[in-house]
Number of protein chains: 2
Amino acid sequence: MESKLSKAEKTRQFIIETTADIFNTKGYAGTSMSDITDATRLTKGSIYGNFENKEDVALAVFEHNYSKVRQVIRERIAQATTFHQKLMVYVQVYDHFTRTAHFPRGGCPILNTSTEADDTNPLLKERAAKAVLEWKQNIQDLIKEGINAKEFKFDVDDERIALSLIALIEGGIMIAKVTDSQSNLNRVMKTAELLIKMIRV
Amino acid sequence: MESKLSKAEKTRQFIIETTADIFNTKGYAGTSMSDITDATRLTKGSIYGNFENKEDVALAVFEHNYSKVRQVIRERIAQATTFHQKLMVYVQVYDHFTRTAHFPRGGCPILNTSTEADDTNPLLKERAAKAVLEWKQNIQDLIKEGINAKEFKFDVDDERIALSLIALIEGGIMIAKVTDSQSNLNRVMKTAELLIKMIRV
DNA sequence: ATGGTAATATACCAATCGGTATTTTTTATT
DNA sequence: AATAAAAAATACCGATTGGTATATTACCAT
């Protein structure tokens with residue numbers, strides 16, 4: 001019965017997990033320390049014993065939410081055989097993202113964190129930017145590999161496609177959430193599918 | 001020297017205009033009443049004499065920011081001759097939206113308000129949703145008219161195109177802002193241009 | 001079992017939060 | 001110029017904010 005995690009590390013993880021949805025729905029400014037203590041049933045002393053401040057919790061929570069999403073994507077991409085299928089994983093995942101429990105409540109953490117932090121919180125912004133650029137790079141890599149495998153046209157603008165795919169997904173999520181209509185996202189994903197089809201040889 | 005606006009109406013307008021950028025950058029939760037009094041150099045008594053509460057100011061500010069953007073778009077669309085050109089107005093405007101003074105600081109108010117309010121503030125969410133659906137309808141109308149004018153293919157899925165265009169723009173803005181790269185938005189707008197080209201006969 | 005340490009809880013802080021009741025000032029009408 | 005009404009300023013409210021210093025508890029190695 002050995003646990004690798006120390007008591008503090010376990011508590012830290014517990015705090016992150018139980019406040020993940022709160023930060024992702026209410027945002028950084030909208031989440032208070034008492035929200036955190038209420039949800040975790042811990043006291044301020046415990047929170048501040050494991051984190052420097054509220055921002056530190058928010059950063060850890062973003063990390064958690066982001067990697068949760070990334071993991072789901074990564075697994076499905078690994079299973080896909082063709083590069084077309086691999087790209088289509090994004091479309092499929094977000095095509096019914098309302099239902100998947102893989103997603104933290106409150107929608108895409110990248111979208112939420114980016115739009116709130118881009119003018120207010122340099123650290124959160126930096127972290128969100130890194131996530132976007134990593135995501136972009138992953139898509140570009142898939143496209144390049146697809147080109148090498150003669151699956152995609154040789155002259156595809158991988159950067160443009162990657163950014164457009166991300167934009168369609170994030171913009172689509174925004175629309176779907178504010179209009180309470182998953183089908184709106186589905187329609188946008190249809191265009192994403194088209195975009196992916198177009199780069200095939 | 002008669003002014004149509006009463007004193008109160010002028011003050012109200014003044015408050016809206018001088019806090020427009022604050023709400024659009026810091027968000028609803030991130031903007032405090034003291035932010036408002038500091039910026040306007042007015043007192044709480046004056047603010048609460050002209051608005052019910054903070055939410056009421058935020059709603060008026062959104063209205064202001066949104067109609068400011070809408071006006072720019074509307075004017076340019078009116079000047080465009082073909083329906084293709086009219087649709088391309090969106091691409092052109094957002095293609096250098098960082099520079100245009102027509103835009104409130106902090107980016108697109110629809111994107112900002114939607115992502116913050118969708119899980120927290122029903123009134124702001126409702127207003128943002130209305131804006132998205134109005135925008136969508138405007139694009140759909142342009143497409144339909146373009147079809148009637150034999151400029152666009154008769155079997156175009158106007159709803160899908162409209163939603164995808166909005167998603168590309170809003171998603172592109174999010175990416176550009178968080179990565180501090182206007183060129184990232186330009187690349188996404190390139191895809192938007194392609195999307196518009198594709199529906200032409 | 002014990003002592004040291006790690007972790008959590010308690011109690012408290014000044015500052016700020018959104019909001020209101022009241023007073024003062026400004027404006028418009030006569 | 002006098003006056004009533006409208007608008008803005010002042011002064012205040014309890015509650016909550018993020019954060020800290022200190023006390024208490026839980027844990028672990030000896």
Side-chain angles (χ1 to χ4, degrees), chain A residues 1-20 22-62 113 116-117 120-125, chain B residues 1-20 22-62 113 116-117 120-125:
Chain A
M1 203 57 187
E2 58 175 20
S3 68
K4 292 183 194 174
L5 273 52
S6 74
K7 189 86 203 303
E9 277 166 340
K10 266 196 273 188
T11 306
R12 201 183 141 89
Q13 203 53 34
F14 171 72
I15 294 168
I16 291 171
E17 276 164 21
T18 59
T19 60
I22 300 177
F23 273 104
N24 204 46
T25 50
K26 305 180 96 175
Y28 173 68
T31 302
S32 67
M33 287 307 300
S34 60
D35 284 335
I36 299 176
T37 52
D38 286 357
T40 57
R41 305 291 292 162
L42 292 170
T43 57
K44 276 195 185 180
S46 178
I47 309 292
Y48 279 93
N50 291 287
F51 295 92
E52 269 192 24
N53 47 34
K54 197 178 92 168
E55 191 181 33
D56 196 22
V57 184
L59 282 164
V61 162
F62 175 80
T113 306
E116 178 181 10
T120 53
N121 193 310
L123 263 64
L124 275 171
K125 175 189 176 180
Chain B
M1 201 62 187
E2 57 175 21
S3 66
K4 293 185 196 172
L5 272 55
S6 74
K7 188 87 204 306
E9 277 166 342
K10 267 195 273 188
T11 305
R12 202 184 140 88
Q13 203 55 35
F14 170 73
I15 295 168
I16 292 171
E17 277 163 20
T18 60
T19 60
I22 300 177
F23 272 105
N24 204 47
T25 50
K26 305 179 93 174
Y28 173 68
T31 301
S32 67
M33 288 306 300
S34 60
D35 284 334
I36 299 177
T37 53
D38 286 357
T40 56
R41 307 288 295 162
L42 291 171
T43 56
K44 276 195 188 181
S46 177
I47 308 293
Y48 279 94
N50 291 289
F51 294 91
E52 269 192 24
N53 47 34
K54 196 178 90 167
E55 191 181 34
D56 196 22
V57 185
L59 282 164
V61 162
F62 175 80
T113 306
E116 179 181 10
T120 52
N121 192 311
L123 262 65
L124 276 171
K125 175 187 176 180

**Prompt:** Would you say the side chain of A:K54 and the base of D:dG19 hold a donor-acceptor pair, judged only by whether the two atoms sit under 3.5 Å apart?
**Reply:**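 A donor-acceptor contact between them is absent.
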Would you say [N] has OP1 or OP2 under 4.0 Å from some side-chain N or O of [X]?
| X | N | value |
| --- | --- | --- |
| B:S32 | C:dT16 | no |
| A:T11 | C:dA7 | no |
| A:S34 | D:dG18 | no |

Whole angstroms only, please: what is the [atom1]-[atom2] distance between [X] and [N]?
| X | N | atom1 | atom2 | value |
| --- | --- | --- | --- | --- |
| A:D56 | D:dT20 | CG | C1' | 16 Å |
| A:K44 | D:dT22 | NZ | C1' | 15 Å |
| A:K10 | D:dC28 | NZ | C1' | 13 Å |
| B:R12 | D:dA8 | CZ | P | 12 Å |
| B:M33 | D:dA9 | CE | C1' | 14 Å |
| A:N50 | C:dA7 | CG | C1' | 8 Å |
| A:Y48 | C:dC13 | OH | C1' | 13 Å |
| B:Q13 | D:dA7 | CD | C1' | 17 Å |

Answer with base, sugar-phosphate or nothing: what part of the nucleic acid does [X] contact at a heavy-atom distance below 4.0 Å?
| X | result |
| --- | --- |
| A:G45 | base |
| A:T31 | sugar-phosphate |
| A:T43 | base |
| B:I47 | nothing |

**Asked** Hey, what do you get for CZ (A:F14) to CD1 (A:I16), rounding to the nearest 0.5 Å?
**Response**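 Those atoms lie 12.0 Å apart.
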**Item:** A:T120 side, atom OG1; A:Y28 side, atom OH - distance, nearest 0.5 Å
**Value:** 9.0 Å
**Main-chain N/O of B:G30 paired with A:E116 side-chain donor or acceptor, under 3.5 Å** =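 No; judged by distance alone, with no hydrogens or angles, the pair does not exist.
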**Request:** Find out whether A:T31 and A:T19 are in side-chain contact, i.e. whether some heavy atom of one side chain is under 4.5 Å from a heavy atom of the other.
**Result:**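 No, their side chains stay 4.5 Å or more apart.
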**Prompt:** Are B:I36 and B:I22 close enough that some pair of their side-chain heavy atoms sits under 4.5 Å apart?
**Reply:** no
